[in-house]
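Have a look at the structure below, then the notes.
By convention in this document, chain letters (A, B, ...) are assigned in the order of the sequence lines, proteins followed by strands, and residues within each chain are numbered from 1. Scope of the values below: all heavy atoms of this structure, side chains included, with no hydrogens, waters or symmetry mates.
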Protein chains: 2
Amino acid sequence: MEYKPNIQDVAKLANVSIATVSRVINNQGGVRKETEERILKAINELGYIRNAAARTMKRKETNTIGVIVPDIKNPFFPLVMAGIEQKAREKQYFTILSSTNESPIVEKEIVKNFIERGVDGVIITTANENGDHLKLLQEQGIPIVAVDRSIKSFEVDTVLVDNVKGAYQAVQHLILQGHEKIAIICGPQTTTPGRDRFLGYKKALENYNIPLDERYVIQGDFGEQSGYLATQKLFALDDKPTAIFSSNNLMTIGCVKALEELNWKLGSEVSFIGFDDVDIATFLNPKLSVVSRPMYALGEIAFQLLHERICFKENLPKRKYLLSPELKIRQSCRLVKTLF
Amino acid sequence: MEYKPNIQDVAKLANVSIATVSRVINNQGGVRKETEERILKAINELGYIRNAAARTMKRKETNTIGVIVPDIKNPFFPLVMAGIEQKAREKQYFTILSSTNESPIVEKEIVKNFIERGVDGVIITTANENGDHLKLLQEQGIPIVAVDRSIKSFEVDTVLVDNVKGAYQAVQHLILQGHEKIAIICGPQTTTPGRDRFLGYKKALENYNIPLDERYVIQGDFGEQSGYLATQKLFALDDKPTAIFSSNNLMTIGCVKALEELNWKLGSEVSFIGFDDVDIATFLNPKLSVVSRPMYALGEIAFQLLHERICFKENLPKRKYLLSPELKIRQSCRLVKTLF
DNA sequence: CTGAAAGCGCTAACAT
DNA sequence: ATGTTAGCGCTTTCAG
């Protein structure tokens, strides 16, 4: 049973023209009830399923959006994806997902493939915020929504998390607890999240008149290993910090590992807040305080924006959403112990 | 710049026929070098990208495979997906992913949509192992590979993890450490993994002549909450178990949470082995022993099987792979303390 | 209410 | 080496 019936077969079996069949499968009305039933019956009998390729050729739309993420193994993205899919399904859109492994080259290939397939729009967390390689999409008039990382070289709808604010709140909290020697494990300053989280850190210090101490600023690369190393460096300091702010989830993990090995007591000897919730946060003792991002909402809004853009194209100003992260205070940050 | 150029535009600009252009974009050779260059130049100038829909109509193939998972938020699946994508990319295949949220109804919709789109094959971890809703695929002659969960109602290539063996090894390990009161937190007995892991548990007890004690068998649903509840039940027993085997990752997390709240000392008062590695495993103190599944390999092999099937269709026997999980002994299971 | 027919953009068989 | 042309299966005027 390998034969794929087409609209012709259905028409023949139902004794109508293919135009009528088309009307029925597209619910366009204007077909007598008996005729419709006859057609439906034929469709069922044959197991007819309409051919999307042929349909797309006429319609110039696929009801499909493409999603591009840099690393599907990072738990952040599946959660965003879940939000996107949910909203997309509601609007009868389908979602195709590809992961670039942070490679702009792969990303470009994927973009090209998405265009070939005629996706109606793209949601992307790009591997390269410059974004020149995404111009293809723009040239084809395919709407784009940038999620979590913005795109520099042209204007697109964007939904970001307020990284500055999240970092600011975390550091402010530490300051209000009496900390002054607050270290930051930075993300790459070539990425917006990396820069912005550092910015929030600086702003908080500034607002509370705490001078920035370069020794407490350690560069990391968002990888676990760099968080580990950074923590070791901080521990080696004569004048150790009393609190650490880590700029992302993986570095948090590295940091916690180092803390444990160094026997540098979390919560008591050194307070800690990390950016991004991590699975382990509530399993550690003390439980980790974190800045948590609304991943699901990020996905939902991204689809919302994309959908509007697909419907109204250019008759819409470019929009930038900035979602607020949530500071979840648990047990890893405590009032500073003053020594006098 | 909204106009999508087509093969005609390219042909006109390069002063050739569309057939020649087609030859070039498909690397079929038989075109004079200068001509080819002229065409390439025109393609570049116009920003031409070929239309997959039109191509598909002729070719009857899309170079695309569909992947269906029950829950993209479960970290298991993105890892499998990464393995699939890697292999697929090597063979120039594209991958489209959809998640069913464990709903067979959604799954059926997705299947239908995949067929509409003309995917060349499907890799699926089905939400309903019965599989009647997948017959559509079979009828259309679309190859299927089942991953992690088998399909009952017809024969397909399958790649599973040896759940019986994994559970057996875990429980055996506990037995050899002297445990006799070993509890299991079961997965749903309607799923193969749920059943098989229970089977492995029973087999191990049997082999070592330990009678099955119903009080130590708690039903869960693979969700975190059920692991939590199960642990509470076990703790409430007069004759508490000295070891717990949890049937999956999420229930492990629930279990560990409960353990902590109940102040039931992991490793000393109660030994533990869980099925599936979890992020937190090595952060806990003591570190969790687990049965770990080869997720990436699962994905790689699945694509391999699918690809062969796409190429050779029926001229291939149905194949069943059974990958061995790995028992990772860490610190959460200890020699039983005998009381006499 | 229904049908006939013109393509959508491409590939591939057949000419030249 | 290159061009001509017949569809692939569908949607959508335009007629009836």
Side-chain angles (χ1 to χ4, degrees), chain A residues 2-40 42-43 46-64 112-113 115-120 140-141, chain B residues 2-40 42-43 46-64 112-113 115-120 140-141:
Chain A
E2 270 248 8
Y3 179 68
K4 293 194 189 186
N6 62 21
I7 199 170
Q8 299 260 22
D9 301 317
V10 176
K12 218 168 288 167
L13 184 60
N15 238 301
V16 292
S17 76
I18 58 168
T20 309
V21 176
S22 176
R23 284 183 192 107
V24 170
I25 51 186
N26 291 296
N27 284 311
Q28 291 175 328
V31 178
R32 211 195 310 157
K33 199 152 187 202
E34 329 167 48
T35 318
E36 171 161 358
E37 271 164 21
R38 205 151 21 98
I39 292 173
L40 255 23
I43 287 177
L46 263 42
Y48 167 75
I49 293 183
R50 91 163 156 332
N51 178 319
R55 170 173 231 245
T56 296
M57 281 196 66
K58 292 295 297 186
R59 291 280 217 96
K60 267 75 181 102
E61 65 179 46
T62 53
N63 263 259
T64 302
K112 194 168 159 217
N113 187 277
I115 295 174
E116 283 190 10
R117 301 189 127 68
V119 295
D120 297 338
Q140 308 268 334
Chain B
E2 269 249 5
Y3 179 69
K4 292 196 190 186
N6 62 23
I7 200 171
Q8 298 260 21
D9 301 317
V10 176
K12 218 168 289 166
L13 184 60
N15 240 301
V16 293
S17 75
I18 57 167
T20 309
V21 176
S22 177
R23 284 184 192 107
V24 170
I25 53 187
N26 290 297
N27 284 312
Q28 290 174 328
V31 178
R32 212 192 312 153
K33 203 158 187 197
E34 329 167 47
T35 318
E36 171 161 358
E37 271 164 21
R38 208 150 18 101
I39 293 173
L40 255 21
I43 288 178
L46 264 41
Y48 166 76
I49 293 184
R50 90 160 157 332
N51 178 319
R55 170 172 231 245
T56 296
M57 281 195 66
K58 292 292 300 186
R59 289 281 216 97
K60 267 67 182 120
E61 65 179 46
T62 53
N63 262 259
T64 302
K112 196 170 155 214
N113 186 276
I115 295 174
E116 283 190 10
R117 300 189 128 67
V119 295
D120 296 338
Q140 308 268 336

Q. Atom NZ of B:K4 to atom C1' of C:dC8: distance rounded to whole Å?
A. 13 Å
Q.
Test your reading of the model: is there a side-chain donor-acceptor pair from B:N6 to the backbone of B:D9, 3.5 Å cut-off?
A. yes
Q: Among the candidates D:dC10, C:dT11, D:dT4, find the nucleotide nearest to the side-chain atoms of B:S17.
A: D:dT4
Q. CD/B:E36 to CD/B:E34 distance, rounded to the nearest 0.5 angstrom?
A. 11.5 Å
Q: Look at all strands and tell whether A:R23 reaches a base, only sugar-phosphate, or nothing, counting heavy atoms closer than 4.0 Å.
A: base
Q: Determine: side-chain N/O of B:R59 to OP1/OP2 of C:dA12, distance under 4.0 Å, yes or no.
A: yes
Q. For the pair made of CZ in A:R55 and P in C:dG9, what is the distance, rounded to whole Å?
A. 17 Å
Q | CD1-CG distance between A:I7 and A:L46, expressed to the nearest 0.5 angstrom | A | 12.0 Å
**Q.** Terminal axis angle for the helix from C:dC1-D:dG16 to C:dT16-D:dA1, five pairs an end, nearest 10 degrees
**A.** 40°
Q. What integer distance in Å separates A:N27:CG from D:dT11:P?
A. 12 Å
Q: Hey, which sits more toward the 5' end of DNA chain C by its nearest nucleotide, A:G29 or A:I18?
A: A:G29
Q. Between D:dT2 atom P and B:R38 atom CZ, what is the distance in whole Å?
A. 8 Å
Q: Using a heavy-atom cut-off of under 4.0 Å over every strand shown, decide if B:I39 touches base, sugar-phosphate, or nothing.
A: nothing
**Q.** Sugar-phosphate only, base, or nothing, as touched by A:T35 at under 4.0 Å among non-hydrogen atoms
**A.** sugar-phosphate
Q. According to a strict under-4.0 Å criterion, is B:N51 in side-chain N/O contact with OP1 or OP2 of C:dG9?
A. no
Q: Could you please name the option among C:dC8, D:dC10, C:dT11 that lies closest to any side-chain atom of A:K60?
A: C:dC8
Q) Of B:K33 and A:S22, whose nearest nucleotide on DNA chain D comes first from the 5' end? A) B:K33
Q) About how many Å separate OG1 of B:T62 and CD of A:E116, when rounded to the nearest 0.5 Å? A) 11.5 Å
Q.
Under 4.0 Å from OP1 or OP2 of C:dT2: is there any side-chain N or O of A:T20 that close?
A. no
(Q) Regarding C:dG7, can its base be found pairing with the side chain of A:K58 as donor and acceptor, where the two atoms are less than 3.5 Å apart? (A) yes
Q. Nearest-Å distance, CG (A:N6) to C1' (D:dG9)?
A. 6 Å
Q.
Tell me whether the side-chain N/O atoms of A:N26 come closer than 4.0 Å to OP1 or OP2 in D:dT11.
A. yes
Q. Would you say the side chains of B:N26 and B:R55 form a donor-acceptor pair under 3.5 Å?
A. yes
Q. Which part of the nucleic acid does B:Q28 contact within heavy-atom distance under 4.0 Å: base, sugar-phosphate only, or nothing?
A. sugar-phosphate
**Q.** From CD (A:E37) to CZ (A:R32), nearest 0.5 Å
**A.** 11.5 Å
Q) In terms of the nearest nucleotide of DNA chain D, which residue is placed more toward the 5' end: B:M57 or B:V16? A) B:V16
Q) Where the side chain of B:R23 meets the backbone of B:Q28, is there a donor-acceptor pair that is under 3.5 Å apart? A) no
Q) Does A:R50 put a side-chain nitrogen or oxygen below 4.0 Å from OP1 or OP2 of D:dC10? A) no
Q.
Whether B:R32 contacts D:dT2 is assessed here as follows: a side-chain N or O lying under 4.0 Å from the phosphate OP1 or OP2. Is that the case?
A. yes
Q) Rounding to a whole Å, what distance do you find between A:Q8:CD and D:dG7:P? A) 12 Å
Q: Would you mind reading off the distance between B:E36 atom CD and D:dA1 atom C1', rounded to a whole angstrom?
A: 12 Å
(Q) With rounding to the nearest 0.5 angstrom, report the CG to OG1 distance, A:L40 to A:T35. (A) 11.5 Å
Q) Rounded to the nearest Å, what distance is computed from the CD atom of residue B:E116 to the P atom of nucleotide D:dC8? A) 20 Å
(Q) Once rounded to the nearest 0.5 Å, what's the spacing between atom CG of A:D120 and atom NZ of A:K60? (A) 12.5 Å
